**Student:** 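Sharing a structure below in structure tokens format, with a few things to ask.
Letters A, B, ... mirror the listed sequences (proteins, then strands); counts begin at 1. Just so it is clear, the values below take in all heavy atoms, side chains as well, and ignore hydrogens, waters and symmetry mates. Bear in mind that the values here come from a model prediction, so they are computed numbers and not experimental data.
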There are 2 protein chains.
Amino acid sequence: MKTTLRKIVMEARELFREHGYDGASMQDLAARVGLKKASLYTRFPNKEALVSEVLTLTLEETLKGLPDPREDWQLAWQTLIGRIAKTFETRKRCVGLHLAYGVTSVTPEAQAAVSQFFNVLRERMADILRLGGIPQPDSAAADILAQLEGATLWITTSGDVEPLRRAVKSASRLDVFGRKI
Amino acid sequence: MKTTLRKIVMEARELFREHGYDGASMQDLAARVGLKKASLYTRFPNKEALVSEVLTLTLEETLKGLPDPREDWQLAWQTLIGRIAKTFETRKRCVGLHLAYGVTSVTPEAQAAVSQFFNVLRERMADILRLGGIPQPDSAAADILAQLEGATLWITTSGDVEPLRRAVKSASRLDVFGRKI
DNA sequence: ATAAAATACTACCGACCGGTCGGGTGTAAA
DNA sequence: TTTACACCCGACCGGTCGGTAGTATTTTAT
């Protein structure tokens with residue numbers, strides 16, 4: 001991927017994270033990458049297409065080079081949870097959540113991309129838990145991800161990161177809904 | 001409160017919930033209540049002021065007529081959790097969460113209103129847990145609310161309400177992060 | 001009945017939105 | 001040297017945004 005293209009996607013991610021789908025403007029995005037708005041349309045057909053690019057990049061970064069869960073599933077699990085939580089803590093929010101609430105049926109491809117993003121993430125998490133012999137790994141993954149996402153609410157409203165920290169701890173110990181290790 | 005005023009606030013809530021702060025337009029709001037846009041400005045100074053009205057109404061509805069927790073804290077708890085979850089399940093989303101992500105520093109009063117909304121809600125939850133002798137009631141309330149909010153992610157992305165149902169069950173049993181009843 | 005206050009309307013404002021157009025410019029292959 | 005392509009730009013499109021001015025209509029209080 002060309003570096004300019006990657007930079008556009010990364011800046012788009014920041015804008016989506018901060019201002020949501022509606023609130024992010026192509027004008028702002030162009031300014032952040034040092035281009036004019038019209039130039040963006042040589043690389044992307046429209047604003048909606050940015051969504052799937054942003055989420056694909058994010059998924060890549062989140063999963064790339066994870067420890068092989070077949071060798072040490074607990075290490076893979078801690079690493080994955082740690083990556084997610086670190087992003088939430090430094091960026092204060094989750095792009096995916098903002099987009100999930102922000103895209104509607106008028107942008108169906110973006111909506112599909114968001115759904116897929118969270119499904120893939122949950123499946124990867126469930127894969128690891130399954131290797132660890134955790135019962136109902138799909139539900140457990142969904143619940144833990146929900147807890148992490150929900151914790152970002154407190155970061156954005158009051159700056160309190162403790163709920164996220166507690167969510168990470170409990171996810172590490174897997175003491176969620178009586179599924180303790 | 002005059003009925004028209006209340007209707008405006010209720011419709012504004014639906015718009016904020018569905019489209020977020022930026023995505024909700026005064027034009028749409030006016031159409032929903034059978035008025036012209038300019039007429040809204042005889043009741044509200046600006047769009048931002050709607051946020052605190054919406055959240056005040058929501059807090060009122062959520063807390064009004066709750067069973068007295070000093071008589072039966074478990075009943076009060078179940079009722080409160082049930083109300084929150086019912087709204088999430090029928091409306092698919094939480095207005096507060098959408099606004100929390102949607103308002104920024106350019107609308108400081110709205111931002112403050114959102115912070116206050118969640119703080120008050122958490123405090124009320126914590127009050128009940130305190131009466132029940134639950135350890136660290138503030139943290140417990142924050143964590144449980146986070147879990148409920150996070151569960152709405154799955155409702156909006158895939159329509160799956162099971163994470164929310166599990167969150168309600170675990171909240172009812174208070175088996176959160178090892179704080180089991 | 002009348003004055004005052006609330007509420008409603010039409011019409012408009014400047015700013016910004018996503019997106020398109022035609023015309024450049026630099027590079028690299030033929 | 002020509003051709004081709006990728007990229008970038010200023011200017012512009014129709015449309016929507018939050019908000020306002022001025023005026024008409026309805027409600028309320030005296």
Side-chain angles (χ1 to χ4, degrees), chain A residues 1-54 98-99 101-111 113-114, chain B residues 1-54 95 98-99 101-114:
Chain A
M1 189 190 280
K2 289 246 340 239
T3 64
T4 300
L5 236 169
R6 192 180 187 89
K7 176 162 190 193
I8 292 174
V9 176
M10 290 181 68
E11 295 292 344
R13 176 167 58 184
E14 290 310 302
L15 279 173
F16 283 148
R17 172 153 36 215
E18 180 76 12
H19 303 288
Y21 184 78
D22 280 332
S25 84
M26 300 297 276
Q27 174 101 304
D28 282 355
L29 176 57
R32 283 173 83 123
V33 296
L35 290 177
K36 299 299 172 183
K37 189 177 51 162
S39 305
L40 294 177
Y41 287 89
T42 66
R43 331 245 190 163
F44 299 97
N46 48 46
K47 184 181 178 180
E48 186 177 3
L50 281 168
V51 171
S52 83
E53 297 294 332
V54 161
H98 209 160
L99 286 171
Y101 264 66
V103 301
T104 63
S105 52
V106 305
T107 51
E109 295 177 23
Q111 214 173 21
V114 173
Chain B
M1 191 190 278
K2 288 249 341 244
T3 65
T4 301
L5 237 169
R6 192 181 188 91
K7 177 163 189 195
I8 293 174
V9 175
M10 290 181 67
E11 295 292 343
R13 176 167 58 186
E14 289 310 302
L15 280 172
F16 283 147
R17 173 158 30 222
E18 180 76 12
H19 303 288
Y21 184 78
D22 280 333
S25 84
M26 298 297 277
Q27 175 103 305
D28 283 355
L29 176 58
R32 283 173 84 121
V33 296
L35 290 178
K36 300 299 175 181
K37 186 177 55 160
S39 306
L40 296 177
Y41 286 89
T42 65
R43 332 265 193 136
F44 299 98
N46 48 47
K47 185 181 179 181
E48 187 178 2
L50 281 168
V51 172
S52 83
E53 298 294 329
V54 161
V95 218
H98 208 160
L99 287 171
Y101 264 66
V103 300
T104 63
S105 52
V106 304
T107 50
E109 294 177 23
Q111 215 174 19
V114 174

**Student:** Do Lys37(A) and dG18(C) share a donor-acceptor pair, side chain to base, under 3.5 Å?
**Tutor:**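 Such a pair exists between side chain and base.
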**Student:** Looking for any heavy atom pair under 4.0 Å, which part of the strands does Ala30(A) touch: base, sugar-phosphate only, or nothing?
**Tutor:**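 Here Ala30(A) touches no strand at all.
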**Student:** Does Ser39(A) place a side-chain N or O at less than 4.0 Å from the phosphate oxygens OP1/OP2 of dC7(D)?
**Tutor:**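 False: Ser39(A) side-chain N/O out of range (4.0 Å or more) of dC7(D) OP1/OP2.
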**Student:** Select one nucleotide: of dC17(D), dT20(D), dG19(C), the one nearest the side-chain heavy atoms of Gln27(B).
**Tutor:**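 Nearest listed nucleotide: dC17(D).
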**Student:** Any idea which of dT20(C), dC9(D), dG19(D) is nearest the Asn46(B) side chain?
**Tutor:**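 Output: dG19(D).
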**Student:** Report yes if a side-chain nitrogen or oxygen of Ser25(B) is closer than 4.0 Å to either non-bridging phosphate oxygen (OP1 or OP2) of dC17(D); otherwise report no.
**Tutor:**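 Result: yes.
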**Student:** Mark yes or no for whether Lys47(A), through its side chain, and Ala24(A), through its backbone, hold a donor-acceptor pair below 3.5 Å.
**Tutor:**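 Yes.
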**Student:** Could you check if a side-chain atom of Glu48(B) sits within less than 4.5 angstrom of a side-chain atom of Val103(B), using non-hydrogen atoms only?
**Tutor:**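 Answer no - side chains too far apart.
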**Student:** Over all strands shown, is Thr42(A) touching base, sugar-phosphate only, or nothing at heavy-atom distances under 4.0 angstrom?
**Tutor:**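 The residue Thr42(A) makes base contact.
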**Student:** Within the side chain of Glu11(B), is there an N or O that forms a donor-acceptor pair under 3.5 Å with the backbone of Leu29(B)?
**Tutor:**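 No.
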**Student:** On the nucleotide dG18(C), are OP1 or OP2 found under 4.0 Å from the side-chain N or O atoms that Lys47(A) carries?
**Tutor:**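 For Lys47(A), the contact criterion (side-chain N or O under 4.0 Å from OP1 or OP2 of dG18(C)) is met.
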**Student:** How far does CG of Leu35(B) sit from NZ of Lys7(B), to the nearest 0.5 angstrom?
**Tutor:**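 If we round to the nearest 0.5 Å, Leu35(B):CG and Lys7(B):NZ are 9.0 Å apart.
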